[in-house]
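Structure first, commentary second.
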Amino acid sequence: MEEKVIEESKQGTSLVLETKKENQKKLFIESYGCQMNFADSEVVASILANEGYNTTQVLEEADLVLVNTCSIRDKAEVTVRKRLQVYNAVKRDVNPKMKVGVLGCMAERLKEKFLDEEKIVDMVVGPDAYKDIPNLLREVEDGRDAINVILSREETYADISPVRLSSNGITAFVSITRGCDNMCTFCVVPFTRGRERSREPESIIEEIADLWSNGYKEVTLLGQNVDSYLWYGGGLKKDFEKASDMQKATSVDFAQLLDRCATQFPKMRFRFSTSNPQDMHVEVIEVMAKHHNICKYIHLPVQSGSTRILKEMNRQHTREEYMTLIDNIYRIIPDISLSQDIIAGFPTETEEDHQDTLSLLEYVKYDFGFMFAYSERPGTLAARKMEDDVPDEIKKRRLNEIIDLQQRIALERTKRFVGKTVEVLVEKDSKRSDQQWSGRNSQNTVVVFPKENYKPGDFVMVKISDCTSGTLIGEAVGYSEIMN
């Protein structure tokens with residue numbers, strides 16, 4: 001899954017790109033957390049490639065070690081702290097010249113701790129300060145600690161072409177917004193990534209054109225909240241009301257951007273992530289229905305099925321409004337797949353609230369889900385103002401009930417494809433057999449089928465004969481029309 005959600009298999013991946021012969025220094029960069037962090041690491045590697053750094057996967061030989069961090073879940077912070085201990089042991093025992101830096105969301109939140117109290121890093125860089133890394137490195141080389149965690153009102157990295165790190169050469173992520181204005185009480189993102197701003201549309205189109213010319217076949221438009229994309233000449237989303245009449249008249253919203261991408265690149269497939277229910281307008285759903293090459297899949301986090309808990313979370317919608325949105329989506333795109341984020345055991349959650357969540361799962365029939373027990377995140381509004389009062393054993397039981405129900409629904413949903421023929425973009429070898437290809441259909445379900453003479457990057461029609469809860473199994477019956 002390419003969501004904002006944490007993808008466990010990718011955690012701690014160290015990234016490698018093509019070497020430049022003239023570069024003498026070595027960079028080791030590891031990423032944790034959401035897909036935005038992995039995309040940001042590509043931006044950082046691009047900046048440092050111009051500063052004389054090639055990437056390495058050998059920690060001991062690195063001149064500079066960077067870890068791109070996440071503050072969403074406690075587990076990510078614990079893991080990053082353990083990694084910092086490893087880096088520092090290597091620095092102490094093997095490579096005393098090595099410099100260590102923390103990037104991203106955790107950097108912003110724990111800057112004093114890392115630099116002053118624990119003295120475990122040389123450099124702390126927030127999500128909006130990556131262009132300042134060359135200056136910060138000079139500070140470090142002069143023997144000073146270096147820090148820049150200032151959150152920007154403008155920075156979108158629109159002028160930096162990310163290097164594609166550890167890419168399959170077929171699918172890529174393109175960031176279109178940064179930051180978030182929503183202030184959900186459980187979330188630290190507005191404090192670590194700042195207020196919401198959108199990237200200039202032409203720079204997005206140019207990046208996609210570059211990807212297309214390099215053989216990429218699918219792009220995921222990425223943002224903490226992509227649906228609220230709004231370009232009116234730069235600046236924060238919340239300042240749009242102060243824009244001039246001309247700026248408002250020529251502004252570009254997410255539906256218009258998505259329509260333009262699909263129209264200009266008809267043989268490329270488009271996805272987007274992550275959506276927020278209150279910003280998912282009918283116009284976006286209609287654009288999705290209009291274009292074959294926009295995937296019929298929406299990740300639509302709900303967090304809870306209880307209106308009372310949604311209010312405590314400061315989500316900007318009720319249970320009923322969410323259900324109305326779901327009704328509209330299924331009416332306009334009947335064959336769509338939906339996925340959710342759900343938090344079990346949010347402060348004050350009662351058994352009745354929990355039952356509301358289970359009944360919402362039954363109502364919506366999500367194809368996939370990302371479900372977690374609530375854990376208090378320092379710096380969030382919930383941590384400051386609410387007592388974490390649901391006992392752990394109750395959280396775990398509720399979470400297990402949610403997961404069990406979701407898995408049952410997922411199997412039902414996957415079975416609907418059996419007997420049908422679906423379009424699949426071939427991405428890689430199947431995990432189970434190197435005699436099979438693996439790819440995804442428009443609805444984001446993994447499909448495996450015998451290789452025959454197809455190759456990665458091909459759009460193939462596959463007739464589905466069987467399935468597990470998360471994978472479709474079938475045989476190719478020819479190329480898709482998109483290949484013509």
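Using a cut-off of 4.0 Å between Lys/Arg side-chain N and Asp/Glu carboxylate O, R197 and D239 are scored as not salt-bridged. Between E207 and R199 there is a salt bridge, since a side-chain N of the basic residue sits under 4.0 Å from a carboxylate O of the acidic one. Between K451 and D429 there is a salt bridge, since a side-chain N of the basic residue sits under 4.0 Å from a carboxylate O of the acidic one. Here D122 does not pair with K99 in a salt bridge; the nearest charged N to carboxylate O distance is not below 4.0 Å. Between R178 and E196, none of the side-chain N atoms (NZ, or NE/NH1/NH2) sits under 4.0 Å from a carboxylate O, so this pair counts as no salt bridge. Between E202 and R260, at least one side-chain nitrogen of the basic residue sits less than 4.0 Å from a carboxylate oxygen of the acidic one, meeting the salt-bridge criterion. Under 4.0 Å is where a charged nitrogen must lie from a carboxylate oxygen, and between E412 and R408 at least one such pair does.
Counting non-hydrogen atoms of neighbouring residues, nucleotides and ligands closer than 6.0 angstrom, the CD atom of E481 reaches no more than 12 such neighbours.
Between S337 and D367, the side chains place a donor N or O and an acceptor N or O closer than 3.5 Å (distance only, hydrogens not considered). Of the N and O atoms on the side chains of S442 and R271, not one donor lies less than 3.5 Å from an acceptor on the other residue. A donor-acceptor pair shorter than 3.5 Å can be found between the side chains of D279 and N225. Residues Y297 and S339 bring a donor and an acceptor atom of their side chains to less than 3.5 Å of each other. No donor-acceptor contact under 3.5 angstrom links the side chains of H281 and D227, judged on distance only. Side-chain polar atoms of Y32 and E30 form a donor-acceptor pair below 3.5 angstrom. Neither side chain, H299 nor Q340, offers a donor N or O lying under 3.5 Å from an acceptor on the other. Using modelled atom types, one finds no donor on one side chain facing an acceptor on the other under 3.5 Å when comparing T414 with S469.
With respect to L27, the side-chain contact (heavy atoms from CB on, under 4.5 Å) criterion is satisfied by exactly one of D63, V65, L48, N54: L48.
Every residue two or more places apart in sequence or in another chain that forms a side-chain contact (heavy atoms from CB on, under 4.5 Å) with Q278 is listed here: N182, N276, Q316, H317. When the salt bridge (charged side-chain N to carboxylate O under 4.0 Å, His left out) test is applied to K415, no partner is found at least two apart in sequence or on another chain. Listed by chain and number, the residues in a side-chain contact (heavy atoms from CB on, under 4.5 Å) with S465 amount to none (sequence neighbours excluded). Y330 pairs by the ring-ring contact (aromatic ring centres under 6.0 Å, His included) definition with nothing, not counting sequence neighbours. For E141, the salt bridge (charged side-chain N to carboxylate O under 4.0 Å, His left out) criterion is met by no residue, not counting sequence neighbours. With sequence neighbours excluded, the residues satisfying side-chain contact (heavy atoms from CB on, under 4.5 Å) with N328 are V282, T324, R331.
In this structure, the separation between OG on S251 and CH2 on W231 is 11.5 Å, given to the nearest 0.5 Å. Rounded to the nearest 0.5 Å, atoms CD1 (I208) and CD1 (I205) are 5.0 Å apart. Note: E200 CD to I204 CD1 = 7.5 Å, rounded to the nearest 0.5 Å.
The two residues S198 and T177 have their closest heavy-atom pair at OG-CG2, 3.8 Å.
Between Y454 and Y479, the ring planes are perpendicular. Angles over 60° get that label, and only those under 30° would be called parallel. Between Y366 and Y322, the ring planes are tilted. Angles from 30° to 60° get that label.
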List the steps and the verdict of side-chain contact (heavy atoms from CB on, under 4.5 Å) for I343 and M313. CA-CA 10 Å; I343 296 170; M313 290 175 164; 4.2 Å; yes

